[in-house]
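Numbers here are sequence positions counted from 1. Worth knowing before you read on, the calculation uses all heavy atoms, side chains too, and leaves out hydrogens, waters and symmetry mates.
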Amino acid sequence: MMDTKKTVHDAWSSRFAFILAATGSAVGLGNIWKFPYITGENGGGAFVIVYLLCVMLIGIPIMIAETMLGRRSQRNPIETMELLTEEAGADKNWHYLGWMGIIAGLLILSYYSVIAGWASAYVLKAFTGSFFDADAAAIKGIFDDFVGSPVQLIFWHSLFMLATMLIVVRGVNKGLEKAVQFLMPSLFVLLLLLVGYAMTTGSYFQGLHFLFTPDFSKLTSNSVLTAMGHAFFTLSLGMGAIMVYGSYLPKGISIAKTAFLIAGADTVVALLAGIAIFPIVFANNLHPDSGPGLIFQTLPIAFGAMTGGWLMGILFFVMLVVAALTSSISLIEPAVAWLVESKGFSREKACVWSGLATWLLGLGTVFSFNVWSNVKIFDRSIFQLLDYLTANLMLPIGGFCIAIFAGWIMHRQHSEDELNMPAGLAYPVWKLLISYVAPASVFFVFLHVIGVL
Ligand code: TRP
């Protein structure tokens, strides 16, 4: 079955391989770059609690549902929706769900690639010793100079897109699978070492306090939306990425167990990143709400100051780039799989077209940090707008629809068969979460944001 499919994941064939691929997709810039800075912008502890609640009550049930839909149809997201709609005898409008996912993936990748480009550039900066003994002001200077240069950003964005396309065009081979197997645990160890450094800054407890002591007065309805949107973003949910990966999952493997493992690993990485970063923020009188530059303005201080920091800096940014690559391939894969399977494109042609479109779109994000920094649409820069549109709107809407489809449209017998959970409470609990809790939560957060509630 696997061999007849023209997709990148044909090499992944066991449960462990699926966990690796899906964890690779989930763990990325979302955990290490985005989670800390949006936590900083939204006041800390209370935001983290809402995020964790969203992961448990909305994210995990939807991850189970999305994997299940993919595995049942064994096709790309658009065909999955076509096939399962037919199976359930439901309205054809469900097809649009697959479409929205493909578009959301490309939109996300367009800015994801720009930020991954920053991480790539920082590998070089770490290598040439730019951070050596640099104080917070010097590190900020390096960052500001860098993002102020469209030429540099375009160069690194292009490089990252190229790397993504090369992997996707070739398919994921044993080599990458091995690399991920080794790099993921290494990233984890490096984060632990950074947490160790954070303990020596003298502001460790201030950092922990910021992250874990909730002050609910700091929560606005928009920060609740951001927390919920991030739960989707960080778990790669709501646009068909996990659906595509699920379509390569052999039958008979427990979907629920794997979802827990993936969400657990993803959450631990995000929390570790936060624990490593905020003490450095406070120790250097930086501001938690410094925005997307936060990790680039904090971690280099640690690398510049600690023994072995030169090597650690290089390794850290290399791993961040790899973590971003294993995520970016899942952002473009639904589009490529659809072009190949449904439109008869060769894999090469599909990669080139979707890659080129994404690259072009990414220029908007590049310029929003420099020459177009004054261009505001709905009060947001192009980067902020793309981020808001995808993470806060498209993914939750996609997730909402997936929940409704899995909970209400698909026949109970079919989901019960596909999930094959042990007798007892597991299935009814999931069914309750996916039919009521998850969709109602998304709905209420939206009502709040538009001011109805
Ligand atoms: N989860 C990845 C991260 O945290 C980003 C990502 C990959 C993603 N695939 C996705 C986000 C699909 C939403 C949908 O970096």
Please list, one pair per line, the donor and acceptor atoms closer than 3.5 Å that link side chains of residues 267-287 to other protein atoms, with sequence neighbours excluded.
unit_1, atom_1, unit_2, atom_2, d
T267, OG1, A263, O, 2.7
N284, ND2, I280, O, 2.8

*Go through the steps for W118 and F369 under the test side-chain contact (heavy atoms from CB on, under 4.5 Å), then give the verdict.*
CA-CA 12 Å; W118 297 3; F369 287 101; 3.7 Å; yes
*Test side-chain contact (heavy atoms from CB on, under 4.5 Å) on S186 and L190 and set out the steps.*
CA-CA 6 Å; S186 319; L190 268 189; 5.9 Å; no
For residues 310-323, which side-chain donor-acceptor pairs fall under 3.5 Å, sequence neighbours excluded?
unit_1, atom_1, unit_2, atom_2, d
W310, NE1, A126, O, 3.3
W310, NE1, F127, O, 2.9

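- Under the 30°/60° scheme for interplanar angles, the aromatic rings of Y51 and H230 are found to be tilted.
- Among all heavy-atom pairs drawn from K125 and I142, the shortest one is CD-CG2, 3.6 Å.
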*side-chain contact (heavy atoms from CB on, under 4.5 Å) evaluation trace for D135 with I139*: CA-CA 6 Å; D135 61 9; I139 297 288; over 6 Å; no
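- Residues that satisfy the side chain to side chain donor-acceptor pair (under 3.5 Å) test with S328, not counting sequence neighbours, are T164.
- Atom CZ of F205 is surrounded by 12 or fewer heavy atoms from other residues, nucleotides or ligands within 6.0 Å.
- Between atom CZ of residue F131 and atom CD1 of residue I301 there is a gap of 10.5 Å, rounded to the nearest 0.5 Å.
- Between the side chains of T220 and S223, a donor-acceptor pair is found at a separation under 3.5 Å.
- Counting heavy atoms from C-beta outward, F367 and I382 have side chains that stay 4.5 Å or more apart.
- Under the side-chain hydrogen bond (donor to acceptor under 3.5 Å, both in side chains) criterion, the residue pairs touching residues 101-114 are Y111-D387, Y111-T390, Y112-S327, S113-H157, with sequence neighbours excluded.
- Note: I255 CD1 to E66 CD = 11.5 Å, rounded to the nearest 0.5 Å.
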Pairs of donor and acceptor atoms involving the side chains of residues 56-63, under 3.5 Å and at least two apart or interchain, shall be tabulated with distances.
none

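- Contacts of Y436 classified as side chain to side chain contact (heavy atoms under 4.5 Å, CB included), with partners at least two apart in sequence or in another chain: W408, L432.
- Residues Y122 and F296 bring their aromatic ring centres within 6.0 Å.
- F18 has its ring centre no less than 6.0 Å from the ring centre of Y248.
- Not counting sequence neighbours, the partners of E418 by the salt bridge (charged side-chain N to carboxylate O under 4.0 Å, His left out) test are R71, R72, K251.
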*Evaluate the criterion ring pair (Phe, Tyr, Trp, His ring centres under 6.0 Å) for residue pair W359 and F160; output intermediate values, then yes/no.*
CA-CA 10 Å; W359 178 83; F160 185 83; over 10 Å; no
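- Separating the CZ atom in F446 from the CG atom in N392 is a distance of 8.0 Å, to the nearest 0.5 Å.
- The number of heavy-atom neighbours closer than 6.0 Å to CD1 of I377, taken from other residues, nucleotides and ligands shown, is above 12.
- For T128 and S130, the side-chain atoms include at least one donor-acceptor pair closer than 3.5 Å.
- With sequence neighbours excluded, the residues satisfying side chain to side chain contact (heavy atoms under 4.5 Å, CB included) with D215 are S217, K218.
- The local environment of CZ in F188 is sparse, with at most 12 non-hydrogen atoms from other residues, nucleotides or ligands closer than 6.0 Å.
- Within 6.0 Å of the OH atom in Y427, the count of heavy atoms belonging to other residues, nucleotides or ligands exceeds 12.
- Of the inter-residue distances, the one linking L433 atom CG with S441 atom OG reads 9.0 Å to the nearest 0.5 angstrom.
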Distance-only check: which donor-acceptor pairs under 3.5 Å involve side-chain atoms of residues 35-44, not counting sequence neighbours?
unit_1, atom_1, unit_2, atom_2, d
T39, OG1, F35, O, 2.7
N42, ND2, I38, O, 2.8

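- Listed by chain and number, the residues in a side chain to side chain donor-acceptor pair (under 3.5 Å) with S354 amount to none (sequence neighbours excluded).
- Qualifying salt bridge (charged side-chain N to carboxylate O under 4.0 Å, His left out) partners for D144, counting only residues two or more places apart in sequence or in other chains: K140.
- Residues passing the salt bridge (charged side-chain N to carboxylate O under 4.0 Å, His left out) test with D266: none are found, sequence neighbours excluded.
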